[in-house]
Amino acid sequence: MMNVVIMTGRLATTPECKTTANGKVLCYFRIGVDRSRRQNGKKEADFFNVIAWNVTGETIAKWFDKGDTISIIGRMENDMYEKDGVKHYDNRIVVKEFYFHSDYRKKETKPEPSAEDLEAFDAILNDPNVTF
């Protein structure tokens with residue numbers, strides 16, 4: 001059996017990180033992905049809830065904002081919770097890897113990274129325990 005999701009789209013929300021009670025970092029955001037077909041000549045998109053854990057989530061939160069293009073590889077996960085006696089069901093994508101796009105550096109709202117930021121990013125890229 002296989003559960004693999006591959007998507008390229010734009011962040012519909014700015015990534016937000018929280019730390020869980022046991023110290024893990026959880027980053028969540030929404031991604032909008034254009035549909036390949038258009039009905040009535042209108043552009044349509046689907047929106048998905050996405051979460052990323054620990055260093056992956058922290059890196060996404062640091063380098064991406066609402067509107068940025070991102071590619072993600074991960075898995076689909078279902079969640080069920082109860083609120084006020086009513087069961088709610090939620091689907092979300094859990095990120096395993098992510099990729100920047102060529103339009104990333106063209107945004108004027110993002111400052112150029114400092115030498116310290118680039119060194120930290122290189123350290124993450126060279127860390128064998130971190131998957132992108």
Side-chain angles (χ1 to χ4, degrees):
M1 291 180 234
M2 187 180 304
N3 179 354
V4 178
V5 175
I6 303 172
M7 292 187 177
T8 298
R10 294 196 178 274
L11 272 72
T13 60
T14 299
E16 293 183 35
C17 290
K18 294 183 177 182
T19 304
T20 65
N22 60 358
K24 293 185 179 185
V25 175
L26 172 63
C27 178
Y28 59 96
F29 55 95
R30 289 180 56 80
I31 184 173
V33 180
D34 289 340
R35 290 185 181 176
S36 59
R37 60 185 160 186
R38 305 189 196 300
Q39 295 181 353
N40 303 328
K42 292 184 179 180
K43 192 174 185 180
E44 294 181 336
D46 294 301
F47 294 86
F48 301 93
N49 294 323
V50 181
I51 62 170
W53 290 97
N54 299 316
V55 174
T56 302
E58 291 173 317
T59 306
I60 289 171
K62 181 174 183 175
W63 294 95
F64 288 89
D65 281 324
K66 180 179 178 179
D68 288 342
T69 303
I70 189 171
S71 289
I72 58 174
I73 299 174
R75 63 183 164 80
M76 186 63 76
E77 183 176 273
N78 303 117
D79 188 25
M80 192 279 296
Y81 62 95
E82 195 169 320
K83 183 176 181 181
D84 299 327
V86 178
K87 289 184 180 180
H88 296 270
Y89 298 90
D90 186 29
N91 296 314
R92 61 182 167 231
I93 299 166
V94 180
V95 176
K96 180 178 179 185
E97 301 175 31
F98 71 93
Y99 298 91
F100 292 90
H101 283 264
S102 60
D103 66 347
Y104 171 75
R105 292 281 177 212
K106 294 178 185 173
K107 289 189 69 114
E108 293 180 24
T109 57
K110 291 280 190 182
E112 286 294 316
S114 67
E116 185 178 284
D117 285 339
L118 291 174
E119 287 177 22
F121 191 69
D122 284 340
I124 293 169
L125 287 175
N126 295 320
D127 186 341
N129 297 319
V130 177
T131 59
F132 287 99

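As a basis for the values below, the full set of heavy atoms in this structure was taken, side chains included, without hydrogen atoms, waters or symmetry mates.
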Going hydrophobic residue to hydrophobic residue with side-chain gaps under 4.5 angstrom, can you get from Val94 over to Met2? no
For residues 46-59, the salt bridge (charged side-chain N to carboxylate O under 4.0 Å, His left out) pairs (sequence neighbours left out) are Arg35-Asp46
What is the minimum heavy-atom distance between Val5 and Arg75, and which atoms define it? CG2-C, 4.1 Å
Nearest-0.5 Å distance that lies between atom CD in Glu16 and atom SG in Cys27: 8.5 Å
Roughly how far, to the nearest 0.5 Å, is CE of Met80 from CG of Asp90? 12.0 Å
Compare all side-chain heavy atoms of Val50 with those of Ile72 and state whether any distance is below 4.5 angstrom. yes
With sequence neighbours excluded, residues passing side-chain contact (heavy atoms from CB on, under 4.5 Å) with Asn91: Met76, Asn78
Write out all pairs satisfying ring-ring contact (aromatic ring centres under 6.0 Å, His included) with one or both partners inside residues 9-55, taking only residues at least two apart or from two chains. none
Hey, what do you get for CG (Leu11) to NZ (Lys66), rounding to the nearest 0.5 Å? 10.5 Å
Aromatic contact, Phe64 with Phe100 (centres under 6.0 Å): yes
Step by step, work out the side-chain contact (heavy atoms from CB on, under 4.5 Å) result for Met7 and Ser71. CA-CA 6 Å; Met7 292 187 177; Ser71 289; over 6 Å; no
Is there side-chain contact between Val95 and Ile51, with at least one heavy-atom pair below 4.5 Å? no
Compare every heavy atom of His88 with every heavy atom of Val86, then report the nearest pair and how far apart it is. O-CD2, 3.2 Å
Shortest non-hydrogen pair, Ala52 vs Ile60, comes out as CB-CD1, 4.0 Å
Restricting to side-chain contact (heavy atoms from CB on, under 4.5 Å), what partner residues turn up for Lys42, sequence neighbours left out? none
If you round to the nearest 0.5 Å, how far is CD1 of Ile73 from CD1 of Ile6? 5.0 Å
Work out which heavy atom in Ala61 is nearest to a heavy atom in Pro15; give both atom names and the distance. CA-CB, 3.9 Å
Not counting sequence neighbours, list each pair that qualifies as a salt bridge (charged side-chain N to carboxylate O under 4.0 Å, His left out) and has a residue in residues 79-88. Asp79-Arg92
So the salt bridge (charged side-chain N to carboxylate O under 4.0 Å, His left out) pairs with at least one residue in residues 17-34 (sequence neighbours excluded) are Asp34-Lys43
Looking only at heavy atoms, what is the nearest atom pair of Phe98 and Ile70, with distance? CB-CD1, 4.1 Å
